[in-house]
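Input: a single structure, listed below in structure tokens.
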Amino acid sequence: MKKRVGILGGTFNPPHLGHLIIANEVYQELELDEVRFMPNHEPPHKKESGVISGKHRIEMLRIAIKDHPAFSIEPIELERKGKSFSFDTIQLLKSREPETEFFFIIGADMIEYLPKWHKIEELIEMVQFVGVGRPEYSQVTEYPVLLIDIPEIDISSTVIRGRIQERKSVQYLVPEQVISYIEEKSLYE
């Protein structure tokens, strides 16, 4: 029987409770063996300014997921550098682990964007997309996306960075130990 692995990509700039809830809900619903958090080097779908180094994002992820035995970090896109096209990443993962079935977890904002993904027709043959709802985004798509209902929690890394810059609390939005790391390293100020 193939190993069933969820992949949750993103900048994780910083990781927050919304990411953890998505991963945990999909992990349970699909009875996956594990979920890997995969930070992008350079997301092709978004122009995001102020992305901090991969070293800090990896460390914050390590802190955020340390208490979940089935959660781990997949550093493949940071190691590869350049634009993080999912097609290239999944191709590499499948060649590295031919006996693994991958479930690519995406938010509803990315479901809407699927027609514009690099080599999407080939990609959908390689991986099972799993879509989770986000407020204000449609989950309607012509692609075979497995939809999972999760509690819709509208937290974004952009909002968290803004709150930190305004010296507002991010308690209950980001794991406590990640907040300590952000403060200790003076990130996002």
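Side chains included, hydrogens not; waters and symmetry mates left out as well; all remaining heavy atoms used.
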Do [X] and [Y] come close enough that some side-chain heavy atom pair is under 4.5 Å?
| X | Y | value |
| --- | --- | --- |
| Gln128 | Phe104 | no |
| Ile111 | Leu147 | yes |
| Lys66 | Gln177 | yes |
| Ile73 | Pro39 | yes |
| Leu20 | Phe37 | yes |
| Ile22 | Ile105 | yes |
| Ile160 | Thr158 | no |
| Leu17 | Ile153 | no |

How many angstroms lie between [atom1] in [X] and [atom2] in [Y], if you round to the nearest 0.5 Å?
| X | Y | atom1 | atom2 | result |
| --- | --- | --- | --- | --- |
| Met38 | Thr11 | CE | OG1 | 12.0 Å |
| Leu8 | Asn24 | CG | CG | 11.5 Å |
| Glu122 | His118 | CD | NE2 | 8.0 Å |
| Asp109 | Ser156 | CG | OG | 10.5 Å |
| Thr141 | Glu112 | OG1 | CD | 9.5 Å |
| Met1 | Glu99 | CE | CD | 12.5 Å |

Nearest heavy-atom pair of [X] and [Y]: which atoms, and what distance?
| X | Y | answer |
| --- | --- | --- |
| Phe102 | Ile7 | CD2-CG1, 3.9 Å |
| Asn40 | Ser84 | CB-OG, 3.6 Å |
| Ile155 | Gly18 | CD1-N, 4.0 Å |
| Ile120 | Tyr143 | CG2-OH, 3.7 Å |

Check whether more than 12 heavy atoms from other residues, nucleotides or ligands sit under 6.0 Å from atom [atom1] of [X], and answer yes or no.
| X | atom1 | answer |
| --- | --- | --- |
| Gln28 | CD | yes |
| Glu189 | CD | yes |
| Lys2 | NZ | yes |
| Arg167 | CZ | no |

Item to complete: List the steps, then state whether side-chain contact (heavy atoms from CB on, under 4.5 Å) holds for Val5 with Phe103.
Response: CA-CA 6 Å; Val5 174; Phe103 296 81; over 6 Å; no
Between Asn13 and Tyr188: side-chain donor-acceptor atoms closer than 3.5 Å:
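Yes, a side-chain donor-acceptor pair sits under 3.5 Å.
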Is it the case that the side chains of Tyr181 and His56 hold a donor-acceptor pair, with the cut-off being a distance below 3.5 Å and no angle test?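 Tyr181 and His56 do have a side-chain donor-acceptor pair below 3.5 Å.
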Do the ring planes of Phe129 and Trp117 sit parallel (below 30°), tilted (30 to 60°) or perpendicular (above 60°)?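 Because their plane-to-plane angle is over 60°, the rings of Phe129 and Trp117 count as perpendicular.
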With under 30° as parallel and over 60° as perpendicular, where do the rings of Phe71 and Tyr27 fit, or are they tilted in between?
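Rings of Phe71 and Tyr27: perpendicular, over 60°.
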Looking at [Y] and [X], is any side-chain nitrogen of the basic one under 4.0 Å from a carboxylate oxygen of the acidic one?
| X | Y | value |
| --- | --- | --- |
| Glu59 | Arg62 | yes |
| Glu34 | Lys3 | yes |
| Glu74 | Arg36 | yes |

Tell me whether [X] contacts the main-chain N or O of [Y] through its side chain, where contact means a donor paired with an acceptor under 3.5 Å.
| X | Y | answer |
| --- | --- | --- |
| Arg4 | Thr100 | no |
| Ser157 | Pro14 | yes |
| Arg163 | Val170 | no |

**Request:** Before giving the answer on side-chain contact (heavy atoms from CB on, under 4.5 Å), spell out for Ile124 and Glu121 the whole-Å C-alpha distance, their side-chain angles and the decisive distance to 0.1 Å.
**Result:** CA-CA 6 Å; Ile124 58 173; Glu121 298 300 334; 3.9 Å; yes
Please determine whether residues Met126 and Leu92 belong to a single hydrophobic cluster, defined as Ile, Leu, Val, Met, Phe, Trp and Tyr linked transitively by side-chain heavy-atom distances below 4.5 Å.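 Yes; tracing contacts between hydrophobic side chains, which count when under 4.5 Å, links both residues.
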**Q.** Candidate pair Met60 and Val174, rule side-chain contact (heavy atoms from CB on, under 4.5 Å), full reasoning
**A.** CA-CA 10 Å; Met60 288 189 289; Val174 176; over 6 Å; no
Verdict with reasoning, Thr89 to Arg80, per side chain to side chain donor-acceptor pair (under 3.5 Å): CA-CA 9 Å; Thr89 302; Arg80 201 174 73 235; 3.0 Å; yes
(message) Quick check on the 6.0 Å ring-centre criterion: do Phe12 and His19 meet it?
(response)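 So the answer is yes for these two rings.
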message: Between Glu176 and Gln171, does the side-chain contact (heavy atoms from CB on, under 4.5 Å) criterion hold? Intermediate values first, please.
response: CA-CA 7 Å; Glu176 284 296 324; Gln171 189 177 23; 3.2 Å; yes
